[in-house]
Every structure is written in structure tokens, then in C-alpha cells.
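Data first, discussion second: the structure below is written as C-alpha cells.
Lettering follows sequence order; numbering is per chain, from 1.
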Number of protein chains: 2
Amino acid sequence: MRLSEGQTRVIDRASPIPFYYQLQEILKEEIEQGRWQPGDLLPSEAALEQRFGVSRTVIRQALDVLQADGQISRAKGRRSMVAEPKFRWEATLGAHSWNQPAVPNQVMLGRLVDARHVQAGGHVGRLLDVHDAADIFELTYTHEVAGRPVALSQMYLRPQASPGLAQACADTGELPTLIERGPDAADQLASRYGIKVAISDVTVELTQLNAFEADLLGAPLGSAAFLLSSLDRDAAQTPLSFTRAIVRGDQFRFSLVLHQRETEGPTGTHGLMAYMT
Amino acid sequence: MRLSEGQTRVIDRASPIPFYYQLQEILKEEIEQGRWQPGDLLPSEAALEQRFGVSRTVIRQALDVLQADGQISRAKGRRSMVAEPKFRWEATLGAHSWNQPAVPNQVMLGRLVDARHVQAGGHVGRLLDVHDAADIFELTYTHEVAGRPVALSQMYLRPQASPGLAQACADTGELPTLIERGPDAADQLASRYGIKVAISDVTVELTQLNAFEADLLGAPLGSAAFLLSSLDRDAAQTPLSFTRAIVRGDQFRFSLVLHQRETEGPTGTHGLMAYMT
DNA sequence: CAGTGGTCTAGACCACTAG
DNA sequence: TAGTGGTCTAGACCACTGA
């Protein structure tokens with residue numbers, strides 16, 4: 001399957017591999033070989049129909065795969081574009097704790113877009129151990145890097161999370177105005193109300209964007225994303241807050257540096273998978 | 001949009017929301033409400049065409065979304081089936097190190113399916129700092145839980161990773177036979193050759209299954225998956241091995257318990273997202 | 001305005017499953 | 001063998017983009 005420069009790979013119509021998958025492989029390879037640079041426009045779907053001699057359905061199935069993989073971005077009325085590489089979020093996990101997380105050379109901006117009371121009923125209320133009639137704070141953030149929206153998070157906060165917060169709520173009956181719209185609302189909670197998280201139970205899974213999420217993130221409906229759920233407790237195991245974050249899978253990857261201890265037991269240590277063996 | 005029991009939601013043809021997305025929401029809700037249990041067969045695509053009055057294209061777009069989200073499983077010749085819930089992989093991340101990872105109440109079986117020499121050229125060779133002419137070991141594993149294949153990993157190992165391994169290679173010129181086919185190959189490396197990993201650089205991103213991966217995992221081409229890449233180094237920063245693992249996103253989620261230190265700095269502590277703010 | 005991608009229809013053929 | 005999902009074709013209309 002090795003071809004000299006300039007030659008054009010074609011779809012093998014006798015192959016059992018579906019056309020759309022062969023096509024997706026061909027285009028991915030051409031992108032990786034630099035035929036088009038990030039930001040360049042791909043040929044139109046009609047042009048690809050001509051070049052490969054298949055129907056538009058096949059062209060679009062192939063582009064669907066490339067898009068979900070983060071290789072291209074598409075928008076109505078515009079030709080499809082080769083995407084910028086994914087952002088990378090880094091954290092170092094040493095012998096003691098998390099340390100120096102960052103998106104290198106980039107600033108990730110969190111922006112509070114909504115703050116409100118919600119009824120405690122349902123899943124979140126149960127997790128936070130708040131009975132049905134009571135209120136919970138819901139704080140909605142968007143997160144962007146280099147102007148690109150990459151994530152969306154919703155934090156659900158118990159009014160009883162700290163004495164300071166409970167007092168402020170009792171005084172006003174409202175979400176304390178100290179939680180202002182801005183990038184540092186989470187820090188405000190920690191510094192002004194003394195909310196101390198001791199244990200975070202974080203779950204990472206894959207999902208697809210629903211209409212609300214797709215709209216806020218400017219991404220297509222149904223595209224693949226990370227779903228991070230985190231239940232935070234204090235040292236006495238009392239639940240404080242629950243956070244649900246959606247991170248665009250086509251824009252982001254996570255990177256952890258794990259420092260192993262020499263005194264470890266016999267468990268496998270070759271990468272994360274070893275722990276699953 | 002609240003309907004009484006037994007009533008059937010229909011597609012709103014005047015809505016700007018695409019038919020396939022409305023349909024996917026309807027079916028997801030019916031699954032979550034228990035209209036069908038895990039293992040039950042959904043109506044056939046033809047029956048859904050009849051019920052909702054849309055073309056098969058729309059039906060299939062909707063089922064694509066549900067499948068990628070892990071809600072249903074599909075197979076040629078058989079009706080689509082409501083899927084079992086995702087597996088959950090757990091680890092506790094304490095003040096000191098990883099601890100007690102597990103798939104609760106389940107055993108995850110790693111099985112070595114292939115072991116061979118490969119040329120060092122390319123990406124992996126550069127990462128492992130091995131020059132082009134030399135060989136690298138490639139160990140391929142599959143991982144399954146409760147009989148369901150959920151992951152696939154390939155470990156690339158430097159022959160120079162430890163004096164013991166280098167000696168064994170010099171003796172035989174082959175992959176030492178001590179690495180036998182079986183679930184404990186990674187442990188063998190640690191215990192028999194004294195390979196000590198000090199630092200693991202793990203990257204987590206989203207990808208889609210290629211033909212090779214889909215075949216080994218018995219999953220559809222192009223379905224969403226986690227891609228874990230791990231570069232493992234010893235205490236002197238010398239690269240030892242590189243592992244690339246594919247974990248089915250429709251079958252798996254990861255769960256971490258983070259124990260925060262009281263002496264932490266001012267960084268936000270409300271869940272993982274706080275580190276991104 | 002023409003070009004383009006997003007969505008939808010109505011068909012077709014095939015390989016696979018299960019009765 | 002009948003039913004089913006996987007793939008593919010050839011059209012259509014729309015909303016949006018950019019010249």
C-alpha cells in the first residue's frame with residue numbers, strides 16, 4: 001500500500017472494508033502527511049464525490065469519523081477545515097498531591113455564566129444528601145482556551161457546605177452576592193467560606209453532546225466528549241458539592257505524570273493499564 | 001413535554017431540532033424509564049420507521065448516537081439490544097500513591113495475544129530513544145471483564161530497559177521465553193528483570209476504533225474509545241517502555257478517589273475542573 | 001448570489017442471524 | 001428462508017457563508 005509522492009490512493013471496491021472507512025483512512029493519512037495544514041480548507045464534498053467516485057453518503061460518513069476524532073472541523077456553508085491539534089491539560093501527580101496543573105503556554109479561562117437555586121429533588125440531591133424540599137446552588141461555567149470553548153461545568157453546592165456559607169444564606173435567603181460572575185468563583189468559595197474539600201470522587205466516561213451543551217460549546221450535536229463527574233466531601237465524609245463537567249473530546253486531552261514509589265508492592269507498574277491487569 | 005404513562009412521544013416536524021436528535025432523545029428516555037431492560041431487543045428499524053414516520057436514514061442516525069453513547073448494542077442480522085451498564089474501574093489516589101485499583105466485583109483479565117520484535121523506526125522508537133536499526137519488543141494484550149472484551153493494549157519495551165533483560169536478549173537474540181503467553185506478563189517483567197518504573201507520563205484522549213482494534217474488541221468500526229498513552233521512565237529519566245491502550249468508551253468508565261491535603265495552596269479544589277480554572 | 005454543509009427521502013443489495 | 005442491520009446510491013430542500 002506504499003505509494004510514491006503525488007500518487008493518489010483510491011477506494012478498493014473489491015475490499016470487504018467499507019468505502020467510508022477506506023476513505024477516512026486515506027484522508028487522515030493525507031492530513032498527517034501535511035497535504036493540508038491546520039486551517040486549510042478540504043475539498044468540498046461534491047469535489048470528493050468526483051475524486052473518489054462514491055456517493056455523498058459515503059463522503060459524509062468518512063468526514064463524520066474524522067470530525068469525531070478531532071481531525072477536521074465543519075460548519076454549515078463553509079468548506080470543512082483541517083483542525084488545530086488538541087489542547088493538552090497537564091498535571092503532575094507526585095508522592096504527595098496534585099501539583100502544577102496547566103495547559104502549557106495557554107490560559108484556560110473559566111467564566112461563570114449562570115448562578116441559581118434549584119430544587120434538590122433527583123440524582124444530585126441524593127448525592128449531596130439534601131432532602132427534596134431544600135434548595136441547592138447551581139453554578140454553570142464555560143471554559144475556553146485561546147478563544148476556543150472547550151468545556152462546560154456545572155457545580156451543585158450544598159448551602160450547608162460550610163458554616164460561613166450557611167450563615168450567609170440564612171441572612172439573605174439568596175445565593176450570596178459574594179459569588180460574583182467571574183473566573184474566580186470557585187476560589188471565592190474556598191477563601192471566603194472556608195469550604196475545605198478532603199476527598200474527591202471523580203468519574204471519567206465518554207458521552208455525546210446534547211443540545212444544551214452543543215449550543216454553549218459551539219460544537220455539533222452528538223459529538224464525543226469526556227464527562228467528568230466529581231463528588232467532593234470534607235474530612236468527615238459529608239458531601240459538599242457535585243460537579244459535572246463536559247470536555248470536548250475533539251479539542252482536549254489529559255496528561256498526568258505519575259511518580260511511582262520505590263516501595264510499591266508487587267502490583268504491575270507498566271503504565272496505567274498495568275493496574276487493570 | 002411531560003406526558004402521562006403509556007403515551008407516545010412523537011417527532012415535532014416543525015421543530016428546528018433535527019429529527020434524528022429528537023428521536024434519539026425519545027428512545028433514550030424510554031430506555032431510562034425502563035420500557036426495555038438491558039438485554040431486551042428494540043423494535044426493528046423498519047418498525048421504528050413505521051412508528052415515527054421517518055426514513056431509515058433518520059432511524060439509523062438516532063441509533064448511531066445511542067450506540068456511541070453505550071445505550072444500545074447492535075449486530076448484523078439481529079435486532080438492536082439495550083446494553084448493559086458500563087463497567088467501572090476504580091482507583092484510590094491517596095497522599096502517597098495509587099492504591100487498590102479494581103473493577104469492583106469483577107475480574108479484569110489481561111491476556112497476552114501477541115509478542116514480537118518490531119523495527120524501532122518511527123514514533124515509538126523516538127519516544128524510547130532507540131535508533132532506527134534496533135529492535136523493540138511489542139507485547140499485545142486484550143483485556144476483558146465478565147467475558148466482554150473492553151480493552152486492548154500494546155506495550156513497547158526497550159531491550160535495554162534493565163540489565164537483566166538486556167542480558168537475556170544478548171543470550172538468545174529473541175524475546176526471552178520467560179515472557180510467556182498469559183495474564184501476568186507485566187508482572188514477570190517487574191519481578192524477573194527488575195524493571196523499575198519511577199515516572200509514568202500518561203495521556204488520555206478520545207479516539208475511534210480502527211479496523212484492527214474493532215476486530216480484536218468485537219466492536220463496530222469507528223466507535224468512540226479512550227486512548228491511553230503511557231511513557232514509563234526509570235529514576236534516571238531513561239525511557240523504559242511505551243504503552244498504548246484502547247479502552248471501549250461504550251463499556252467503561254474510570255473512577256478516581258482523590259485525597260486532598262489540608263496544607264494545599266490556594267488553588268481551587270472543587271473537583272477536577274477546578275484545576276483547569 | 002452561488003457554493004456549501006446539514007438533513008431527509010426512497011429506494012437497493014448484501015451478509016448475517018435465527019427459527 | 002425470512003428478518004435484520006450494514007452499506008451504498010441518487011436524488012431533494014434548506015440555512016448559512018462569503019464574494
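- Looking at Arg9(A) and Glu29(A), a side-chain N of the basic residue comes within less than 4.0 Å of a carboxylate O on the acidic one, giving a salt bridge.
- Distance Leu42(A) CG to dG5(C) P: 9 Å, rounded to the nearest Å.
- Candidate nucleotides dC8(D), dG5(C), dT4(D) were compared by shortest atom distance to the side chain of Tyr20(A), and dC8(D) ranks first.
- Pair check for dG19(C) finds none; no Watson-Crick or G-U wobble contact set falls under 3.5 Å.
- In the set dG6(D), dT4(D), dC8(D), dC8(D) carries the atom at the smallest distance from any side-chain atom of Gln61(A).
- For the pair Glu49(A) CD and dT4(C) P, the computed distance is 12 Å after rounding to whole Å.
- Each of Leu41(A), Leu66(A), Leu27(A) was compared with Ile72(A) under the side chain to side chain contact (heavy atoms under 4.5 Å, CB included) criterion, and only Leu66(A) meets it.
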Please write out each protein N/O paired with an N/O of nucleotides 15-19 of chain D under 3.5 Å, distance rounded to 0.1 Å.
none

For nucleotides 9-13 of chain C, give me every protein contact, N/O to N/O, under 3.5 Å, one pair per line with atom names.
from    : atom 1 : to       : atom 2 : distance (Å)
dT9(C)  : OP2    : Ser55(B) : N      : 2.7
dT9(C)  : OP2    : Ser55(B) : OG     : 2.7
dA12(C) : N6     : Arg56(B) : NH1    : 3.2

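- Put simply, the residue from Gln67(A), Gln71(A), Arg74(A) that forms a side chain to side chain contact (heavy atoms under 4.5 Å, CB included) with Ser80(A) is Arg74(A).
- Atom CE in Met81(A) sits roughly 16 Å away from atom P in dT4(C) (whole-Å rounding).
- Leu227(A) CG to Ile246(A) CD1: the interatomic distance, rounded to the nearest 0.5 Å, is 4.5 Å.
- Look at CD on Gln50(B): it is 14 Å from P on dG3(D), rounded to the nearest Å.
- Side-chain N/O atoms of Arg74(A) include none lying less than 4.0 angstrom from OP1 or OP2 on dG5(C).
- Computed from coordinates, the Ile17(B) CD1 to dG6(C) P distance equals 16 Å when rounded to whole Å.
- Gln50(A) CD: 12 or fewer foreign heavy atoms inside a 6.0 Å radius.
- Residue Glu45(B) contributes atom CD, which lies 19 Å from atom P of dC14(C) at whole-angstrom precision.
- By the 4.5 Å heavy-atom criterion applied to side chains, Ile17(A) and Asp12(A) are not counted as neighbours.
- The side chain of Arg60(B) places no N or O atom within less than 4.0 Å of a non-bridging phosphate oxygen (OP1 or OP2) of dG5(D).
- Across Ser153(A) and Thr243(A), no two heavy atoms sit closer than the pair CB-CG2, 4.4 Å.
- In this entry the distance linking CD of Gln22(A) with C1' of dC8(D) reads 13 Å, nearest Å.
- Minimum heavy-atom separation, Arg79(A) to Leu42(A): NE-O, 2.6 Å.
- Leu152(B) has its side chain within reach of Phe212(B): a pair of non-hydrogen atoms, C-beta onward, lies under 4.5 Å apart.
- Computed from coordinates, the Leu63(B) CG to dG6(D) P distance equals 8 Å when rounded to whole Å.
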